[in-house]
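Okay, structure first, notes after.
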Amino acid sequence: MVEETMGCAIETGESEEMDIVLSSMWPEDMNEAGRQFNVERPGVDKDMLEEVTIKREPDIVDFKHLMELASYTEKGNWQLANLVRNWEYKQENAVRLLREELDTLSRQQRQAELKKLEILEEHRFERDGYGGNKRPISILDENLKYLYQDAPRRKRDTVFQDEKISVDAEYDSVVYWKQHAMNLEKLLEASIRREQVLMGKLQESIEKLEKQSTPVEELSQVLNRADNFLHFVLQNAPVVIGHQDKDLRYRFIFNHFPSLNEEDIIGKTDVEIFTGSGVKESQDFKQEVLERGLPAKREITFETELFGSKTFLIYVEPVFSKAGETIGVNYMGMEVTDQVRKREKMAKIREEMAVQKAKETELNKTIHITEESMRAKEMLATMSHEIRSPLSGVVSMAEILSNTKLDKEQRQQVNVMMSSGDLVLRIINDILDLSKVESGAMKLEAAKFRPREVVKHVLQTAAASLQKLLTLEGNVADDVPVEVIGDVLRIRQILTNLVSNAIKFTREGKVGIKLYVVPEPHILSNQKSWKAPADQSSNSSNTRKDSSVSRSQRGSHGCHEEEGIGVKNELKNMLNDQERDGTPTEEEKASHSNPQESVVWIRCDVYDTGIGIPEHAIPTLFKKYTQAGADTARKYGGTGLGLAICKQLVELMGGQLTVSSVEDKGSTFMFILPCKVSAVSDSSDELSDMDNQEVSDDEDLHAGSFLFEPRTLGSLLSSQSSGRIQKLSPITYGVDPTQNYDGLLEDSSSPSSSITCQEMSSEEDAYLAAMDTSLEVNVSPNRSLNSDNLDSAEMNEQTHCCSEISQPSITQERCQAEGSSECSSRKNNEGQKAEVKPKILLVEDNKINVIVAKSMMKQLGHNIDIVNNGAEAVRAVQCKDYDLILMDVCMPVMDGLQATRLIRSFEETGSWDDAVKAGVELQLPPQHSSPKFQQEIPRKRTPIIAMTANALSESADDCFANGMDSFVSKPVNFQNLKQCLQQYIPE
Amino acid sequence: MEVQLQRSYLEYSKALFREGVLDAQFVELQMLRDESNPDFVMEVVTLFFEDSQRILNQLSNTLNEQSVDFKKVDANVHQLKGSSSSIGALRVRNACIAFRSFCDAQNVEGCLRFLQQIKQEYLLVKNKLEALLRLEQQIVAAGGVVPVLNDFS
């Protein structure tokens with residue numbers, strides 16, 4: 001408003017014809033503009049404006065204060081001064097005009113006077129000419145002057161010219177003077193006329209001056225017009241304009257949409273008027289402007305009861321008094337709620353877009369990386385695969401080579417070849433295992449197994465290849481079920497890996513396995529990732545106590561934080577449980593009541609007294625291809641894949657693997673696994689293959705402690721293979737492994753086996769070494785299996801079998817003397833007194849079938865006896881004790897079914913009477929193998945496999961009914977022969 | 001030359017599998033061949049020819065007798081069935097199976113008809129196998145390795 005007025009004032013000042021300029025500010029086009037709004041009748045400009053203004057009285061003015069403002073504030077002052085100056089200028093202009101006219105008139109008057117003087121001088125000259133000097137009368141002069149001053153004039157009258165009065169008459173004649181006088185009279189008349197006109201004009205001017213309004217009137221008019229103009233402009237604008245004094249009380253406010261009355265606003269502050277958020281802020285803002293004396297803008301969002309949520313853009317400028325003090329603020333607010341909302345929306349959208357974009361980029365990156373790593377993995381797997389095949393060829397050949405005659409040096413070289421080759425194979429298998437787990441291709445099997453035996457075997461195999469003075473101990477708590485269901489091969493793999501790792505990093509002291517039942521960890525039951533913070537950590541007092549207990553029990557757990565939490569919690573659970581009751585847990589009890597489905601969590605600790613793991617290395621411990629440090633890698637070798645595989649396997653089985661370690665004190669690797677509990681079964685048939693030794697002895701079943709102590713150094717050095725391990729545990733289980741190896745080596749034709757196992761085991765996994773030992777001993781025809789241990793099930797089985805096959809190789813008397821149930825209960829162990837090779841009989845009449853089957857068996861590494869019919873088969877069995885009989889069903893003379901019946905009858909009764917009755921001509925009467933002698937020692941049941949062509953006459957039922965154990969379908973092929981042999985001739 | 005022989009060998013044997021003259025069992029036979037017994041397939045096949053010829057003759061004689069001894073016939077056919085399935089002569093084997101059903105039914109006419117059938121199949125497989133073995137020999141003579149058949153669809 002002020003500015004507008006100033007604008008007016010300036011324009012006024014600039015233009016001489018201010019009136020015209022001002023009035024042109026209300027032009028025709030304003031009507032046009034007015035029409036756009038709500039002006040129905042575009043009449044006189046003023047009327048329209050008045051109408052508009054009248055509609056509401058949006059501005060509420062404290063007039064008194066306005067006056068004060070006008071007189072006290074600099075701006076008001078200046079504004080008034082402008083107006084006054086403007087008015088003065090106008091007046092001055094009028095005066096100047098008049099003065100100009102006056103000047104013109106006085107000049108004319110002077111000329112007229114001069115003329116007069118001239119005339120008078122002429123007269124005097126005349127008089128002088130007549131009688132003396134006549135002086136011009138000064139009074140007249142004076143009079144004339146005054147007279148002429150008032151004479152009427154005209155501004156732009158014809159310019160006076162010195163009119164030469166020309167008289168035609170002769171000079172100084174009467175006529176001349178007459179004429180002259182007449183001329184002068186005319187001039188005088190004209191002069192008088194002019195004077196009158198001027199007088200009239202003057203009068204007019206004076207009247208005009210009188211008519212002119214007073215400055216105040218004019219000012220208020222101008223103000224009024226500006227005000228109206230402003231009102232017109234602002235009539236629909238969402239603005240609020242106000243002035244507040246230095247106490248921030250409203251002195252003036254313009255609000256087109258007022259929701260309060262004058263008395264509610266004037267004299268009050270924002271805070272007094274409104275309540276809600278933003279009010280205080282605006283008040284503070286105004287205060288700030290007031291104090292700093294600088295105008296400022298700010299956007300403030302109000303949330304008031306009065307007008308809801310609205311955002312205003314507020315401009316506040318300070319108002320100064322003449323003395324320069326701030327005496328208040330001018331305030332202008334515009335509602336920008338929608339804009340702000342839009343802007344915020346835009347900002348949000350923009351932000352979202354940015355986030356989206358970032359995510360996209362990230363995702364693309366991840367996809368790229370994933371693809372890359374997938375490709376890399378694939379390539380690794382492919383390469384490993386490709387490397388493995390030729391490598392297994394190399395290893396197998398080396399093995400064959402080692403069985404030939406070699407001198408000592410050559411043998412050593414071959415042994416190095418084999419151990420290196422095996423190491424590479426193991427690495428490759430690790431890689432394949434890992435990629436298998438990672439790609440989700442790893443399938444877990446669920447089979448019954450006996451945890452105690454697993455522990456025992458792992459330690460046994462580790463002990464067998466032990467090269468250090470270490471004590472290996474195993475401890476299985478009583479509450480661990482005798483049999484559980486799980487993937488025993490994988491569990492064994494994990495245990496073996498951890499144990500061999502422990503051995504590798506332990507110079508002296510002991511390495512042990514501890515197995516016990518723990519309650520189900522909630523961490524895992526809730527979510528698989530064990531890193532998730534345990535929610536039961538609420539009882540933190542317990543945690544502390546327990547962790548201290550664990551410290552004392554196992555040495556301190558300087559763990560990596562992340563994993564340390566898990567370990568502690570885990571420990572806590574376990575220890576809690578142990579503290580609560582040393583007896584089996586609830587779950588455990590429940591598991592016994594419901595053997596089918598219940599799950600028991602078994603925890604396994606593999607501890608050592610080795611070099612330990614530095615704290616900083618723990619986080620990366622389970623990563624692939626990492627070891628605790630570069631030095632470690634150099635010193636101890638290995639790929640660093642073992643732990644990664646262990647961890648992944650454990651997690652695949654739904655458990656978790658953690659570690660705690662103290663440098664130079666030792667490490668403990670712990671894992672917990674959920675295992676289904678199966679009913680305790682004594683039947684060996686149901687046991688998984690690896691556990692097929694029948695353990696009838698209860699003590700043996702539940703023996704939970706195993707101890708392998710090192711012999712003295714002297715004996716270690718002196719002895720080659722045997723006696724490295726000495727069993728001191730009072731609890732017996734099976735046959736002492738050392739004795740096994742002893743007996744085995746006695747029988748073995750290869751004297752080198754001991755060297756092999758000793759030399760290669762030093763740096764390597766006990767696992768492999770043990771496997772190797774066994775293979776060495778067995779000279780397995782299925783050597784290829786070793787290389788093909790992608791399916792490590794087979795491999796493991798083989799390893800396992802190997803340690804067992806040694807048992808039957810000991811003389812039977814010895815077995816029996818020791819009362820080992822394992823020995824006596826073994827199937828087909830009797831035929832192995834002299835040879836390792838199993839004896840197989842093929843009963844088949846068809847020559848071609850015989851040739852084919854024989855050739856196949858040969859390729860599988862077996863020589864077989866062949867007979868052509870059932871009767872011959874009976875005779876053959878009479879002479880020789882076979883480990884396996886492959887029996888054709890349909891044969892001339894005597895079919896397979898009958899032959900089987902006869903053989904079974906003999907096995908049961910020890911007498912061939914039935915055979916004789918059936919008309920079989922027995923070959924060798926009494927001397928060598930009389931029925932009576934046989935009767936005394938009944939034979940073991942020989943597995944008889946039917947070979948059927950799947951015809952109706954040769955149904956499987958018939959086969960079983962006649963005492964056959966199984967059948968293979970004809971024509972026999974490699975695959976089913978191999979399977980059959982694997983099943984019935986354990987190697 | 002060698003490669004070409006190998007290729008035609010593969011093609012030929014594939015055709016045999018496709019036509020059902022031979023089945024996977026023949027591949028088993030081939031796999032049994034090794035350094036110690038390079039002529040294994042040849043030996044078995046030759047044995048098969050001899051044996052089959054003998055059985056077929058016996059069958060013809062038996063069936064042409066006044067009173068047919070079906071037991072004898074059955075035993076013979078069983079033999080033939082066994083050996084043909086052992087070398088993978090699929091069509092001979094199938095014919096044998098069909099023959100036996102007529103034998104069970106003591107249907108002389110049917111038996112005779114299927115004897116003819118078996119004879120035909122036998123001659124077919126004989127010719128084909130002989131050709132195949134000849135090819136093998138050529139490959140070996142050319143210093144090549146007899147390709148292993150792994151696709152017998």
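Computed from a predicted structure; not experimentally measured. Chain letters run A, B, ... following the sequence lines, proteins first and then strands; every chain starts at 1.
- To the nearest 0.5 Å, atom CG of residue B/L47 and atom CD1 of residue A/I851 are 4.0 Å apart.
- Proximity to chain A is limited to the side chain of B/Q25, based on heavy atoms less than 4.5 angstrom apart.
- Here the closest non-hydrogen pair linking A/N849 and B/G82 is OD1-O, 3.2 Å.
- Under the rule for a side chain to side chain donor-acceptor pair (under 3.5 Å), the partners of A/D965 that lie at least two apart in sequence or sit in another chain are A/R904, A/R941.
- Within a 6.0 Å sphere centred on CG of B/N127, heavy atoms belonging to other residues, nucleotides or ligands number more than 12.
- Within 6.0 Å of the CD atom in B/E109, the count of heavy atoms belonging to other residues, nucleotides or ligands does not exceed 12.
- Annotation: A/K854, atom NZ; neighbour count of heavy atoms from other residues, nucleotides and ligands within 6.0 Å does not exceed 12.
- Looking at heavy atoms from C-beta onward, A/N846 lies out of side-chain contact with B/H78 at the 4.5 angstrom threshold.
- Interatomic distance, B/K81 NZ to A/C890 SG, rounded to the nearest 0.5 Å: 8.0 Å.
- Looking at B/L32, the atoms closer than 4.5 Å to chain A (heavy atoms on both sides) sit in the backbone and in the side chain alike.
- Side-chain contact between B/D51 and A/K847 is present, with heavy atoms from C-beta onward closer than 4.5 Å.
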